[in-house]
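First up is the structure itself, then whatever we jot down about it.
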Amino acid sequence: MKERKEDEKREKKTVLSLLKVKLGNVSNQLEQAIPNSSIEKLNTLTLSIFAITNEDDVLKIIN
């Protein structure tokens, strides 16, 4: 169980890093939203990474 939590934490950190590369600086709102998102929504976000052009695109996926 602890290992799964660590994997989720690592995955969320990776998604946030990818978004920073894709979008440049990200808002505090987005930095807080990613760790609070479900793994399912993060998977959807990851698969959509090439279609994302701004933070609104990200928020539409994770909210």
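All values below come from the heavy atoms of this structure, side chains included, with hydrogens, waters and symmetry mates left out.
Just one residue in the list L19, N25, V26 forms a side-chain contact (heavy atoms from CB on, under 4.5 Å) with E31, and that residue is V26.
Within 6.0 Å of CD in E6 there are more than 12 heavy atoms belonging to other residues, nucleotides or ligands.
Atom NZ in K12 sits 7.5 Å away from atom OG in S38 (nearest 0.5 Å). For the atom pair K22 NZ and N54 CG, the distance stands at 10.0 Å (nearest 0.5 Å). Within the model, atoms NZ of K13 and CG of L18 stand 13.0 Å from one another, a figure rounded to the nearest 0.5 Å.
Between R4 and E8 there is a salt bridge, with a side-chain nitrogen of the basic residue lying less than 4.0 Å from a carboxylate oxygen of the acidic one.
At distances below 3.5 Å, at least one donor-acceptor pair connects side-chain atoms of E55 with backbone N or O atoms of S27.
The shortest side-chain heavy-atom distance between L45 and L42 falls under the 4.5 Å cut-off.
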Evaluate side-chain contact (heavy atoms from CB on, under 4.5 Å) for L30 paired with I62, printing each intermediate quantity in order.
CA-CA 10 Å; L30 188 57; I62 62 174; 4.2 Å; yes

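Hydrophobic clustering of Ile, Leu, Val, Met, Phe, Trp and Tyr side chains at less than 4.5 Å, counting indirect connections, keeps L59 apart from L47. Residues I34 and V21 fall into different hydrophobic clusters, defined by Ile, Leu, Val, Met, Phe, Trp and Tyr side chains chained together at heavy-atom separations under 4.5 Å.
Taking all atoms of both residues into account, the shortest heavy-atom contact from I61 to S48 is CD1-CB, 3.7 Å.
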